[in-house]
Amino acid sequence: MRALLMIAGLGLLGGPALADEMVVEVELPQLKVAEYHRPYVAVWVARPDQSVAATLEVWYAQEDGPEGEGESWLKDLRQWWRRIGRTLEMPVDGVSGPTRAPGAHVLTYAGDAGPLKALPPGEYVLQVEAAREVGGRELVSIPFTWPGTAKAEARGETELGGIRLTLVQAP
């Protein structure tokens with residue numbers, strides 16, 4: 001009993017294990033157009049040779065409906081589609097999800113789990129691409145070093161608003 005209490009106490013003193021973390025904020029602007037459809041969005045990490053190191057998010061209309069025609073519009077995410085999209089079988093667990101409304105969306109990824117778990121240290125580029133039915137397409141890139149501590153920001157002009165990348169390195 002005494003040993004059990006001591007082990008439990010050590011766990012409380014040590015706190016949770018910290019890991020490297022990536023936080024991506026994606027802003028989807030509210031567009032004033034005659035026919036608005038939520039954009040399809042892909043967020044991925046590319047190596048310097050433009051190959052895909054990790055797909056973080058793919059937002060699309062998962063059924064035919066007012067926001068799109070399911071997977072058929074994924075091809076409009078041209079860069080993501082050419083790099084990896086056409087080889088994926090959608091939906092992808094933990095990566096794909098429904099389209100999102102205009103606004104700011106905060107995405108957090110632990111370095112020791114999910115798509116970043118196998119990411120070796122090195123230079124990378126965060127890629128965020130959006131395409132909209134009866135709309136445009138836009139790609140925003142932010143270079144970074146993994147793991148590390150950094151804050152970077154880029155801004156789209158039409159389909160994407162501010163894209164912010166924050167890297168937090170475990171002590």
Side-chain angles (χ1 to χ4, degrees), residues 19-47 50-119 124-144 146 150-168:
D20 297 331
E21 185 178 80
M22 174 186 287
V23 179
V24 179
E25 186 175 329
V26 177
E27 181 184 356
L28 300 176
Q30 177 70 50
L31 302 174
K32 293 182 180 182
V33 294
E35 185 178 346
Y36 180 81
H37 297 275
R38 292 179 179 183
Y40 283 30
V41 175
V43 181
W44 74 96
V45 175
R47 296 179 188 95
Q50 299 300 315
S51 63
V52 175
T55 298
L56 304 177
E57 301 282 332
V58 180
W59 303 337
Y60 69 102
Q62 297 180 328
E63 297 176 0
D64 290 354
E67 299 305 332
E69 298 177 8
E71 295 178 21
S72 64
W73 284 86
L74 284 172
K75 295 173 187 163
D76 284 2
L77 296 167
R78 291 185 210 147
Q79 292 299 315
W80 173 80
W81 182 258
R82 289 179 188 146
R83 304 284 185 248
I84 194 160
R86 60 182 160 201
T87 63
L88 292 177
E89 188 170 325
M90 301 301 279
V92 177
D93 191 31
V95 171
S96 57
T99 58
R100 298 192 182 186
H105 303 278
V106 179
L107 314 167
T108 303
Y109 306 96
D112 60 352
L116 299 180
K117 183 176 181 179
L119 195 66
Y124 296 97
V125 178
L126 174 71
Q127 305 276 24
V128 180
E129 184 175 24
R132 195 168 44 84
E133 181 182 356
V134 195
R137 185 191 75 81
E138 189 163 36
L139 176 68
V140 172
S141 304
I142 300 176
F144 67 96
W146 179 261
K151 286 188 175 188
E153 185 173 336
R155 185 158 198 86
E157 295 179 5
T158 55
E159 302 298 326
L160 292 168
I163 307 296
R164 287 174 264 302
L165 171 66
T166 304
L167 300 176
V168 180

Test side chain to side chain contact (heavy atoms under 4.5 Å, CB included) applied to Val128 and Ile142, step by step: CA-CA 9 Å; Val128 180; Ile142 300 176; over 6 Å; no
Do [X] and [Y] have side chains that approach each other closer than 4.5 Å (heavy atoms only, starting at C-beta)?
X      : Y      : answer
Leu119 : Tyr124 : yes
Asp20  : Leu167 : no
Trp59  : His105 : yes
Arg132 : Val33  : yes
Ile163 : Leu165 : no
Trp73  : Tyr60  : no
Val41  : Arg100 : no
Leu31  : Glu159 : yes

Heavy-atom closest contact ([X] atom, [Y] atom, distance):
X      : Y      : result
Val125 : Ser141 : CG1-CB, 3.7 Å
Val52  : Trp44  : CG2-CD1, 3.8 Å
Ala110 : Leu116 : O-CB, 3.8 Å
Tyr36  : Pro102 : OH-CG, 3.5 Å
Leu28  : Ala101 : CD1-O, 3.8 Å
Ala61  : Tyr40  : CB-OH, 3.3 Å

List the steps, then state whether side chain to side chain contact (heavy atoms under 4.5 Å, CB included) holds for Trp80 with Leu74. CA-CA 9 Å; Trp80 173 80; Leu74 284 172; 4.2 Å; yes
Rounded to the nearest 0.5 Å, what separation is found between the [atom1] atom of [X] and the [atom2] atom of [Y]?
X      : Y      : atom1 : atom2 : result
Thr99  : His37  : OG1   : NE2   : 11.0 Å
Met22  : Tyr109 : CE    : OH    : 8.5 Å
Leu107 : Glu57  : CG    : CD    : 5.0 Å

Salt-bridged, Arg155 to Glu27, with N to O below 4.0 Å? yes
State whether Glu129 and Arg137 are salt-bridged, where the test is any N-O pair (Lys NZ or Arg NE/NH1/NH2 against Asp/Glu carboxylate O) under 4.0 Å. yes
Which residues pass the side chain to side chain donor-acceptor pair (under 3.5 Å) test with Ser51, not counting sequence neighbours? Arg47, Asp49
Report all side-chain donor-acceptor pairs from residues 84-98 shorter than 3.5 Å, counting only partners two or more places apart or in another chain.
unit_1, atom_1, unit_2, atom_2, d
Arg86, NH2, Arg82, O, 3.3
Thr87, OG1, Ile84, O, 2.7
Ser96, OG, Val92, N, 2.8
Ser96, OG, Val92, O, 3.0

Taking the side chain from Arg83 and the backbone from Gln50, do they hold a donor-acceptor pair closer than 3.5 Å? yes
Taking Glu157's backbone N and O only, do any of them form a donor-acceptor pair with Glu138's side chain (distance below 3.5 Å, no angle check)? yes
